[in-house]
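This report concerns only the one structure given below.
Heads up: numbering here begins at 1 and tracks the sequence.
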Amino acid sequence: MCRVWITICLAALLLVDPAIAAEQAQKADAAESKAEALEQSVATEGSDAPSSTPEAITKSEAQAVDPAGEEPMDDAITCLSRTIYWEARGVGSEDMEAVANVVMNRLGHEGFPDTVCGIVKQGGEQWACQFSWWCDGRPDVAANDESYATAKEIARKALNRELADRTGGALYFHHRTVNPGWATEYIKTAEVGEFAFYTTQDGTAR
(Lines give C-alpha, C1' and ligand atoms only; values in the text may rest on other atoms or scores of the structure.)
Protein backbone atom coordinates (compact mmCIF):
# COMPACT_ATOMS: atom_id res chain seq x y z
CA MET A 1 0.00 0.00 0.00
CA CYS A 2 2.86 2.35 0.86
CA ARG A 3 4.50 1.79 -2.52
CA VAL A 4 1.24 2.49 -4.29
CA TRP A 5 0.87 5.78 -2.41
CA ILE A 6 4.44 6.81 -3.24
CA THR A 7 3.83 6.02 -6.89
CA ILE A 8 0.67 8.13 -6.90
CA CYS A 9 2.50 11.05 -5.28
CA LEU A 10 5.35 10.90 -7.78
CA ALA A 11 2.92 10.78 -10.67
CA ALA A 12 1.10 13.80 -9.28
CA LEU A 13 4.36 15.73 -8.97
CA LEU A 14 5.27 14.95 -12.57
CA LEU A 15 1.92 16.33 -13.66
CA VAL A 16 2.14 19.45 -11.47
CA ASP A 17 5.70 20.50 -12.41
CA PRO A 18 4.98 20.95 -16.16
CA ALA A 19 1.83 22.85 -15.25
CA ILE A 20 3.78 25.21 -13.01
CA ALA A 21 6.46 25.67 -15.66
CA ALA A 22 3.81 26.45 -18.27
CA GLU A 23 2.17 28.99 -15.98
CA GLN A 24 5.50 30.70 -15.31
CA ALA A 25 6.29 30.80 -19.03
CA GLN A 26 2.88 32.35 -19.69
CA LYS A 27 3.51 35.01 -17.04
CA ALA A 28 6.94 35.77 -18.50
CA ASP A 29 5.50 36.16 -22.00
CA ALA A 30 2.81 38.49 -20.69
CA ALA A 31 5.37 40.58 -18.81
CA GLU A 32 7.63 40.92 -21.84
CA SER A 33 4.73 42.00 -24.06
CA LYS A 34 3.56 44.54 -21.50
CA ALA A 35 7.11 45.86 -21.06
CA GLU A 36 7.47 46.39 -24.79
CA ALA A 37 4.26 48.41 -24.88
CA LEU A 38 5.34 50.42 -21.82
CA GLU A 39 8.77 51.29 -23.21
CA GLN A 40 7.20 52.32 -26.52
CA SER A 41 4.80 54.56 -24.60
CA VAL A 42 7.68 56.29 -22.84
CA ALA A 43 9.79 56.53 -26.01
CA THR A 44 7.01 58.17 -28.03
CA GLU A 45 5.84 60.51 -25.30
CA GLY A 46 5.58 64.02 -26.64
CA SER A 47 5.28 62.84 -30.23
CA ASP A 48 2.19 63.05 -32.43
CA ALA A 49 1.59 59.32 -32.06
CA PRO A 50 -1.79 58.32 -30.57
CA SER A 51 -1.52 58.02 -26.81
CA SER A 52 -2.72 55.03 -24.84
CA THR A 53 -2.20 53.62 -21.37
CA PRO A 54 -0.45 50.25 -21.58
CA GLU A 55 -1.32 47.56 -19.07
CA ALA A 56 0.94 47.45 -16.01
CA ILE A 57 3.26 44.53 -15.30
CA THR A 58 2.43 42.60 -12.15
CA LYS A 59 5.04 41.53 -9.62
CA SER A 60 4.60 37.81 -10.29
CA GLU A 61 4.90 38.40 -14.04
CA ALA A 62 8.15 40.32 -13.66
CA GLN A 63 9.66 37.70 -11.37
CA ALA A 64 8.81 34.98 -13.91
CA VAL A 65 11.08 36.63 -16.49
CA ASP A 66 14.65 35.30 -16.55
CA PRO A 67 14.26 33.44 -13.24
CA ALA A 68 17.87 32.20 -13.11
CA GLY A 69 19.45 35.43 -14.34
CA GLU A 70 21.05 33.77 -17.34
CA GLU A 71 18.71 34.19 -20.30
CA PRO A 72 19.70 36.25 -23.38
CA MET A 73 19.20 39.98 -22.96
CA ASP A 74 16.51 40.63 -25.52
CA ASP A 75 13.62 42.13 -23.55
CA ALA A 76 13.17 45.32 -21.53
CA ILE A 77 12.75 43.65 -18.13
CA THR A 78 15.90 41.53 -18.45
CA CYS A 79 18.03 44.39 -19.80
CA LEU A 80 16.90 46.83 -17.13
CA SER A 81 17.10 44.27 -14.30
CA ARG A 82 20.64 43.22 -15.22
CA THR A 83 21.75 46.86 -15.39
CA ILE A 84 20.28 47.63 -11.98
CA TYR A 85 21.80 44.44 -10.57
CA TRP A 86 25.31 44.86 -11.95
CA GLU A 87 25.60 48.61 -11.45
CA ALA A 88 24.16 48.73 -7.92
CA ARG A 89 24.05 45.26 -6.37
CA GLY A 90 25.16 45.22 -2.76
CA VAL A 91 24.00 48.77 -2.09
CA GLY A 92 20.67 50.23 -1.01
CA SER A 93 17.42 50.01 -2.93
CA GLU A 94 17.49 53.80 -3.37
CA ASP A 95 20.74 53.47 -5.32
CA MET A 96 19.21 50.75 -7.47
CA GLU A 97 16.14 52.85 -8.15
CA ALA A 98 18.31 55.80 -9.16
CA VAL A 99 20.17 53.66 -11.71
CA ALA A 100 16.79 52.63 -13.12
CA ASN A 101 15.84 56.33 -13.28
CA VAL A 102 18.82 57.07 -15.54
CA VAL A 103 17.87 54.34 -18.01
CA MET A 104 14.26 55.51 -18.10
CA ASN A 105 15.34 59.16 -18.45
CA ARG A 106 17.31 58.17 -21.52
CA LEU A 107 14.42 56.27 -23.05
CA GLY A 108 12.92 58.47 -25.72
CA HIS A 109 15.45 61.25 -25.11
CA GLU A 110 16.91 62.55 -28.34
CA GLY A 111 20.33 61.05 -28.91
CA PHE A 112 19.61 57.77 -27.13
CA PRO A 113 18.00 54.57 -28.45
CA ASP A 114 14.26 54.15 -28.07
CA THR A 115 14.38 50.76 -26.34
CA VAL A 116 15.74 49.78 -22.94
CA CYS A 117 18.01 47.10 -24.42
CA GLY A 118 19.27 49.58 -27.00
CA ILE A 119 20.20 52.02 -24.23
CA VAL A 120 21.92 49.36 -22.13
CA LYS A 121 23.91 47.99 -25.08
CA GLN A 122 24.68 51.35 -26.68
CA GLY A 123 28.28 51.60 -27.80
CA GLY A 124 28.84 47.87 -28.06
CA GLU A 125 30.08 45.21 -25.70
CA GLN A 126 33.75 45.76 -26.48
CA TRP A 127 34.26 49.52 -26.49
CA ALA A 128 32.67 52.91 -25.78
CA CYS A 129 29.92 51.36 -23.70
CA GLN A 130 27.55 53.47 -21.63
CA PHE A 131 27.32 51.06 -18.68
CA SER A 132 30.57 49.64 -17.36
CA TRP A 133 29.22 46.17 -16.56
CA TRP A 134 28.24 45.66 -20.18
CA CYS A 135 31.79 45.90 -21.53
CA ASP A 136 33.95 44.73 -18.62
CA GLY A 137 34.65 41.42 -20.31
CA ARG A 138 33.02 39.41 -17.54
CA PRO A 139 30.00 37.09 -17.77
CA ASP A 140 26.70 38.94 -17.58
CA VAL A 141 24.82 36.17 -15.78
CA ALA A 142 23.15 37.38 -12.58
CA ALA A 143 22.89 35.11 -9.58
CA ASN A 144 19.34 34.04 -8.79
CA ASP A 145 19.31 35.63 -5.36
CA GLU A 146 17.50 38.27 -3.36
CA SER A 147 19.41 41.13 -5.00
CA TYR A 148 18.36 40.09 -8.50
CA ALA A 149 14.76 39.66 -7.39
CA THR A 150 14.93 43.20 -5.98
CA ALA A 151 16.37 44.46 -9.26
CA LYS A 152 13.51 42.89 -11.20
CA GLU A 153 10.94 44.44 -8.89
CA ILE A 154 12.55 47.87 -9.34
CA ALA A 155 12.65 47.34 -13.11
CA ARG A 156 8.94 46.48 -13.04
CA LYS A 157 8.11 49.66 -11.13
CA ALA A 158 10.29 51.75 -13.44
CA LEU A 159 8.61 50.39 -16.58
CA ASN A 160 5.19 50.88 -14.96
CA ARG A 161 6.28 54.46 -14.20
CA GLU A 162 5.75 53.92 -10.51
CA LEU A 163 9.20 55.17 -9.45
CA ALA A 164 9.84 58.75 -8.43
CA ASP A 165 12.89 60.19 -10.17
CA ARG A 166 15.52 60.46 -7.44
CA THR A 167 18.09 61.86 -9.90
CA GLY A 168 16.52 65.13 -11.00
CA GLY A 169 16.34 64.05 -14.63
CA ALA A 170 19.92 62.73 -14.80
CA LEU A 171 21.23 61.08 -17.95
CA TYR A 172 24.61 60.03 -16.52
CA PHE A 173 26.05 58.79 -13.26
CA HIS A 174 29.20 57.46 -11.67
CA HIS A 175 30.21 55.85 -8.41
CA ARG A 176 31.35 58.42 -5.87
CA THR A 177 34.73 56.70 -5.48
CA VAL A 178 35.73 57.58 -9.05
CA ASN A 179 36.21 60.95 -10.74
CA PRO A 180 35.63 60.76 -14.51
CA GLY A 181 36.80 63.68 -16.61
CA TRP A 182 33.38 64.30 -18.11
CA ALA A 183 31.87 65.05 -14.69
CA THR A 184 33.48 68.50 -14.54
CA GLU A 185 31.72 69.48 -17.77
CA TYR A 186 28.26 68.31 -16.73
CA ILE A 187 25.73 69.59 -14.20
CA LYS A 188 25.35 67.50 -11.06
CA THR A 189 21.66 66.93 -10.41
CA ALA A 190 21.74 64.68 -7.34
CA GLU A 191 23.70 62.36 -5.09
CA VAL A 192 21.96 59.15 -4.10
CA GLY A 193 23.73 56.69 -1.87
CA GLU A 194 26.97 55.62 -3.54
CA PHE A 195 26.35 57.49 -6.80
CA ALA A 196 26.47 61.00 -8.24
CA PHE A 197 24.10 61.95 -11.07
CA TYR A 198 24.46 64.45 -13.90
CA THR A 199 22.95 65.95 -17.01
CA THR A 200 24.65 67.97 -19.73
CA GLN A 201 24.73 71.75 -19.79
CA ASP A 202 22.19 71.93 -22.60
CA GLY A 203 20.32 68.70 -21.75
CA THR A 204 21.44 66.93 -24.91
CA ALA A 205 22.96 63.47 -25.17
CA ARG A 206 26.74 63.20 -25.43
How close do [X] and [Y] get, counting heavy atoms only, and between which atoms?
X	Y	value
L163	A100	CD1-CB, 4.2 Å
P54	L38	CB-CD2, 3.7 Å
A76	A35	CB-CB, 4.0 Å
Y148	G69	CE2-CA, 3.5 Å
D75	C117	O-SG, 3.2 Å
R176	G193	NH1-O, 2.8 Å

Closer than 3.5 angstrom, by distance alone: can the side chain of [X] be matched with the main-chain N or O of [Y] as a donor-acceptor pair?
X	Y	answer
K121	M73	yes
S33	A30	no
N160	A56	no
D95	A98	no
E97	I154	no

To the nearest 0.5 Å, how far apart are [atom1] in [X] and [atom2] in [Y]?
X	Y	atom1	atom2	result
M104	E39	CE	CD	8.0 Å
E32	E36	CD	CD	9.5 Å
S132	E87	OG	CD	4.0 Å
N179	T184	CG	OG1	8.0 Å
N105	F197	CG	CZ	10.0 Å
W134	C79	CH2	SG	7.0 Å

Check step by step if side-chain contact (heavy atoms from CB on, under 4.5 Å) holds for K59 and R156. CA-CA 7 Å; K59 185 172 183 177; R156 180 189 75 85; 3.9 Å; yes

Quick check: do [X] and [Y] have side-chain heavy atoms less than 4.5 Å from each other?
X	Y	answer
L171	F112	yes
V116	L159	yes
L80	V120	no
F131	F173	yes
E153	S81	no

Step-by-step side-chain contact (heavy atoms from CB on, under 4.5 Å) determination, Q63 to K27: CA-CA 9 Å; Q63 293 300 327; K27 285 183 177 180; over 6 Å; no

Aromatic plane relationship, Y172 with Y186 - under 30° parallel, 30 to 60° tilted, over 60° perpendicular: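 Rings of Y186 and Y172: tilted, 30 to 60°.
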
[X] [atom1]: over 12 foreign heavy atoms closer than 6.0 Å:
X	atom1	result
E55	CD	no
Q26	CD	no
E146	CD	no

Option among D74, D140, D66 that satisfies the salt bridge (Lys or Arg N to Asp or Glu O under 4.0 Å) test with R82: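 Per the salt bridge (Lys or Arg N to Asp or Glu O under 4.0 Å) rule, the option paired with R82 is D66, out of D74, D140, D66.
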
Donor-acceptor pair between R106 and Q130 side chains, under 3.5 angstrom: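 There is such a pair between these side chains.
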
Not counting sequence neighbours, which residues clear ring pair (Phe, Tyr, Trp, His ring centres under 6.0 Å) with Y198? List them please.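 If we apply the ring pair (Phe, Tyr, Trp, His ring centres under 6.0 Å) test to Y198, skipping adjacent residues, the hits are H174, W182.
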
Joint cluster assignment, I187 & V102, ILVMFWY side-chain distance < 4.5 Å: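 As far as the 4.5 Å side-chain criterion goes, V102 and I187 are not connected within one cluster.
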
